[in-house]
Amino acid sequence: MDTTPMKAQDGKIIGAIGSFADITESYLLHQEAMDKEEYLSIAISSANLGTWRINAKTKEFTASARLKEIYGFDAEVEMPYAAIVSHIEDSHRDKVFEAIDIAIHSGEVYEMEYPIIRLYDKKIHWVHATGKLYQNSINNGIPHFSGTIADITERKMDEQRRSDFIGMVSHELRNPLSAISAYAYLLGKRADKNNDQTLNDTASKLARQIKRMDAMINGFLETARLGEGKIQLDKTNFDMADLVRLAEEESLATITSHQVIFAPVEFTPVHADKDKIEQVILNFINNAVKYSQNETVINIACVTENNLAHIYFTDQGMGIPQKDQPYIFDRFYRVESEQMQHKKGFGIGLYICKEIIERHNGKIGVKSNEGHGSTFWFTLPITAS
Ligand code: ADP
């Protein structure tokens, strides 16, 4: 309310003129913002998250006590902003900088997992970090960059142990499997020679199962290697159209349960590891077959958009619930549902695909409508032709 005194000629105040503004709306908005902030702080503290904030105007940096604790600082010691990045392990620092840079320019959230070296004890801890530039927020309208950091060391150690174990077991399984494979081959030869049809059928079934097991073991070994950052790329120049044609031939020869339709592909030159990209393509096709009903259609297309090769795999299958979509490229992640109980798998195929594509500076993703189907896609930079 604004008021001005009303005076008589002698200067005596005889009344007041006032105006009333209805501030209900702004009061409610403020209240709503306060409520949101309160909910947020409850969520932050129950998730044991560390938080930080940089005022975009004054560059003042504030770190919560939990954040300092995660980074190994004493609560009373001031933590400079530089510490957030300087404590990141060398192997991950550039990637984190890149993600922060993209987040600042795009206004979107960055979300990453990386190892940090703590201040005093120099121990390596893994963190899950998010951050966003807020242009206009509850912080009195002052733009600020802020984020959360969670200590995920325990989970990472668990994953590492699981991965080490899988790597070791897979390695040990390899030798006996190659011996079995050699015997199955001999059995097939003997069956041929003796014209023994039953034995021949058995030998080819045996060979198929050995191939399946070999693919599984290779997948496990690859997962273990990826975890250690040891995957090697052998890049050459080739035409994606050739690779898609190869996948088409293979699909026509091996998939009878579904209708797999490949759209025509134009010349699409890329510089990539051909075997690994083929592995990604086959993985998407196999998943489309595995997670959709027999007789349904699977569409595959490769097109060029903005100097990128875009490859799409669309199925009419079970789809993926919205809440699971952000995680399905994570190692060992599988959707839990009634339908999924009958689908065997280990949740490593998409993780391997993501690693392979990201190491080629490509992107990978999914659009899915639960109960109606999914479109998985990936991109690769096109080379100048
Ligand atoms: P796996 O198939 O061995 O479980 P993946 O890493 O290939 O492992 O896939 C991870 C999860 O993503 C699957 O368990 C499944 O829940 C989901 N998924 C993958 N592809 C599809 C698809 N085409 N349709 C529906 N769900 C899918």
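Order of appearance sets the numbers: ligands from 1, and atoms from 1 within every ligand. In this text the structure is predicted, and so the values were computed from the model without any measurement. What's counted below: heavy atoms across the whole structure, side chains too, no hydrogens, waters or symmetry copies.
- Each of the following atoms of ligand 1 lies closer than 4.0 Å to a heavy atom of L350: 5 (P), 6 (O), 7 (O), 9 (O), 10 (C), 12 (O), 19 (C).
- Annotation for ligand 1: atoms under 4.0 Å from non-hydrogen atoms of M340 are 14 (O), 15 (C), 16 (O).
- Protein heavy atom at the shortest distance from atom 11 (C) of ligand 1 is Y333 O, 3.8 Å.
- On a distance-only criterion, K290 and ligand 1 share at least one N/O pair closer than 3.5 Å.
- Per-residue contacts place G319 under 4.0 angstrom from the following atoms of ligand 1 (heavy atoms of the residue considered): 25 (C).
- Atom 16 (O) of ligand 1 has its nearest heavy-atom neighbour, among V289, D324, V335, I352, in V335.
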Tabulate below the donor-acceptor pairs under 3.5 Å that side-chain atoms of residues 78-88 make, not counting sequence neighbours, or state none.
from, atom 1, to, atom 2, distance (Å)
S86, OG, A82, O, 3.1
H87, ND1, I117, O, 2.7

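- Counting only heavy atoms of the protein, atom 3 (O) of ligand 1 lies nearest to F346 N, 3.0 Å.
- With no hydrogens or angles considered, no side-chain donor-acceptor pair links N218 and E222 at under 3.5 Å.
- Listed by number with element, the atoms of ligand 1 under 4.0 Å from a non-hydrogen atom of I348 are 6 (O), 8 (O).
- Considering only non-hydrogen protein atoms, atom 27 (C) of ligand 1 sits nearest to Y291 CD1, 3.6 Å.
- Taking atom 26 (N) of ligand 1 as the reference point, the nearest protein heavy-atom neighbour is I320 CG1, 3.3 Å.
- Ion pairing between a basic and an acidic side chain is recognised when a charged N comes within 4.0 Å of a carboxylate O; E278 and K274 show no such pairing.
- Looking at heavy atoms from C-beta onward, L177 lies in side-chain contact with I210 at the 4.5 angstrom threshold.
- In this structure, R359 pairs ionically with E355, as a charged nitrogen and a carboxylate oxygen lie closer than 4.0 Å.
- Looking at ligand 1, you'll find an N or O of N287 within less than 3.5 Å of one of its N or O atoms.
- Within 6.0 Å of the CZ atom in F332, the count of heavy atoms belonging to other residues, nucleotides or ligands exceeds 12.
- Taking distance alone, with nitrogen or oxygen atoms compared against 3.5 Å, F376 stays at or beyond that limit from ligand 1.
- Residue-to-ligand polar distances keep K344 apart from ligand 1: every N/O pair is separated by 3.5 Å or more.
- Around atom CZ of R155, more than 12 heavy atoms belonging to other residues, nucleotides or ligands sit under 6.0 Å away.
- Nearest to atom 23 (N) of ligand 1 among the protein's heavy atoms is D315 OD2, 2.9 Å.
- Residue-to-ligand polar distances place G347 within reach of ligand 1: an N/O pair is separated by less than 3.5 Å.
- Close contacts between ligand 1 and R334 involve ligand atoms 1 (P), 4 (O), 14 (O) [criterion: under 4.0 Å to a heavy atom].
- Contact check on D242 versus R245 returns a salt bridge, with a Lys/Arg side-chain nitrogen under 4.0 Å from an Asp/Glu carboxylate oxygen.
- Between L350 and N287 the shortest side-chain heavy-atom distance falls below 4.5 Å.
- Using a cutoff of 4.0 Å between basic side-chain nitrogens and carboxylate oxygens, R93 and D90 are scored as salt-bridged.
- Of the N or O atoms in M318, none lie within a sub-3.5 Å distance of an N or O in ligand 1.
- The pair E358-K95 does not count as a salt bridge, with every side-chain nitrogen at least 4.0 angstrom from each carboxylate oxygen.
- Taking any N or O of I328, backbone or side chain, none lies under 3.5 Å from an N or O belonging to ligand 1.
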